[in-house]
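As structure tokens, the structure follows; a few thoughts come after it.
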Amino acid sequence: MNSFIESVNYFKGNNPEDIVKQYGTPLYVYSEEILRDRMHKVSQVITKYPYTANYSVKANTNVNILKIALEEGLNCDAMSTGEIEMLFKAGFPKERIFFIPNNVASSELKYSIEHEVMTSLDSLSQLELFGQCCNDMNVAPEKRLCAVRINPGVGAGHCEKVVTGGKKTKFGIAEEDIPEIFKITEKYNLTIAGINQHIGSGFMDGQPYLDAVTNFLEIALQFKNLKFIDFGGGYGIPYHKLDDEKDYPMEDFKKKLEPILDNFVSKYGSAPMFKSEPGRYCVAESSVILGRVHATKQNNGHLYAGTDIGMNVLVRPSMYDSWHDVEVLRGGKPVSRDNLIEQNVVGNICESGDILAKERKLPRIETGDLACILDTGAYGWSMCSTYNSRPRPAEVLICKDGTVKQIRRRETIEDLMMLF
Ligand SMILES: *Cc1c(COP(=O)(O)O)cnc(C)c1O
């Protein structure tokens with residue numbers, strides 16, 4: 001593919017140069033159309049049984065994006081009380097929030113108990129702490145509901161750092177400790193309303209997830225009267241679009257998932273609510289970053305294009321070695337990919353690891369071009385930092401009708417100074 005942004009008319013007729021003239025660079029630019037499309041798709045993964053897709057908001061907590069998730073009928077997963085507060089600010093009612101923390105202080109558990117947000121406990125000791133919090137707060141017996149996160153002993157993901165299930169990760173309660181769960185729930189008069197798992201992130205093949213669901217439903221049989229069973233997130237997106245990588249096979253996945261659920265429901269005798277927890281899939285493809293090329297150079301035979309998209313703006317390449325496709329825009333138009341040469345696209349942070357795209361075949365980049373980094377909506381802004389005292393970028397949304405709306409203002413040096 002020569003250009004993804006042209007193939008989907010990403011900017012809806014706006015010239016990216018006009019957008020950055022108004023909002024500056026680096027800039028996160030979201031597409032409302034893609035956002036709503038992906039959120040709708042995940043809400044349809046299971047249609048035969050009661051189901052909710054819980055958008056895992058750590059991928060992107062912009063309140064204006066959360067509002068769109070609310071409109072699209074998604075529920076949400078939060079990993080911290082801060083994320084719960086973002087969800088309240090966006091208008092989510094407590095019933096549509098699921099809190100899945102790990103290793104939190106009693107104050108965070110007390111917050112969720114007080115706000116009646118369903119909470120999953122990630123270890124026996126946190127379950128015990130939750131019970132103690134309920135006692136401290138004199139919670140009525142019928143309100144002592146919670147979930148537990150089980151580590152099913154299997155994991156998968158696009159790189160080792162994102163594998164969250166399996167014998168070597170910090171997450172969840174091991175299957176062999178399930179009898180201990182029941183001892184604690186009895187001691188504190190708790191009811192396990194649901195169980196959840198999450199095996200990892202960014203898989204493009206449905207099979208590991210289907211295997212994990214089958215395995216998890218076997219485990220679920222040990223729990224009586226579950227109100228919900230949550231299979232976790234992890235659906236991947238095609239980060240190699242320009243090389244024609246295909247989408248996650250959602251339709252095929254859905255077809256293969258259904259008989260697995262049928263089999264469980266007939267054994268269990270009823271259908272609890274099924275849930276999944278997609279983060280990346282909902283938001284990744286709905287954003288690009290526009291950054292300016294301020295310098296080009298050749299160092300010992302290697303070509304470098306120096307942009308204002310530092311690792312503080314997008315950390316994934318330096319943190320996980322992640323691939324993000326790069327389009328080169330000149331005068332706001334994608335430069336043809338007919339003649340590609342190997343270049344390094346780097347940022348403006350004083351770190352040798354500040355590399356966005358390493359030894360990448362790209363059209364020859366010139367000073368003054370815009371670099372357009374694809375698929376940055378998930379774990380993009382939400383992982384931004386102010387390293388090198390660089391304020392975090394603004395975010396704008398291209399609405400379906402083509403209007404451009406700022407959905408987060410650019411941070412300023414004054415904002416950073418306010419902490420002193
Ligand atoms: C991060 C996370 C998710 C979302 O993962 P994606 O790969 O973005 O879909 C879901 N559940 C839990 C518990 C997580 O920590």
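Whatever order the structure lists them in is the order used to number ligands and atoms, beginning at 1.
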Without placing hydrogens or testing angles, list every side-chain donor-acceptor pair under 3.5 Å for residues 401-408, not counting sequence neighbours.
| unit_1 | atom_1 | unit_2 | atom_2 | d |
| --- | --- | --- | --- | --- |
| D401 | OD1 | T403 | N | 2.9 |
| D401 | OD1 | T403 | OG1 | 2.8 |
| R408 | NE | E395 | OE1 | 2.8 |
| R408 | NH2 | E395 | OE1 | 3.2 |

Proximity flag P278 to ligand 1, non-hydrogen atoms under 4.0 Å: yes

Using heavy atoms and a 4.0 Å limit, tell me yes or no: is Y379 in contact with ligand 1? yes

Any nitrogen or oxygen of G279 lying under 3.5 Å from a nitrogen or oxygen in ligand 1? Just yes or no. yes

Flag S56 as yes when one of its N or O atoms lies below 3.5 Å from any N or O atom of ligand 1, and as no otherwise. no

Ligand 1-proximal atoms of R280, by part, heavy-atom distance under 4.0 Å: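 The part of R280 near ligand 1 is both the backbone and the side chain.
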
At under 4.0 Å between heavy atoms, which part of Y281 makes contact with ligand 1: side chain, backbone, both or neither? neither

Where ligand 1 meets [X] - atom numbers and elements under 4.0 angstrom, heavy-atom basis:
| X | value |
| --- | --- |
| R149 | 13 (C) |
| E277 | 3 (C), 4 (C), 9 (O), 10 (C), 11 (N), 12 (C), 13 (C) |
| S201 | 6 (P), 7 (O) |

Report yes or no: is the cationic atom of R360 (NZ for Lys, CZ for Arg) under 6.0 Å from the centre of the six-membered ring of W323, at an angle within 45° of the ring normal? yes

Under 3.5 Å, which donor-acceptor pairs do the side chains of residues 81-95 form with other protein atoms, sequence neighbours left out?
| unit_1 | atom_1 | unit_2 | atom_2 | d |
| --- | --- | --- | --- | --- |
| E83 | OE1 | M79 | N | 2.7 |
| K94 | NZ | E116 | OE1 | 3.4 |

T307 versus V346: any side-chain heavy-atom pair under 4.5 Å?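 Heavy-atom side-chain distance check fails, nothing below 4.5 Å.
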
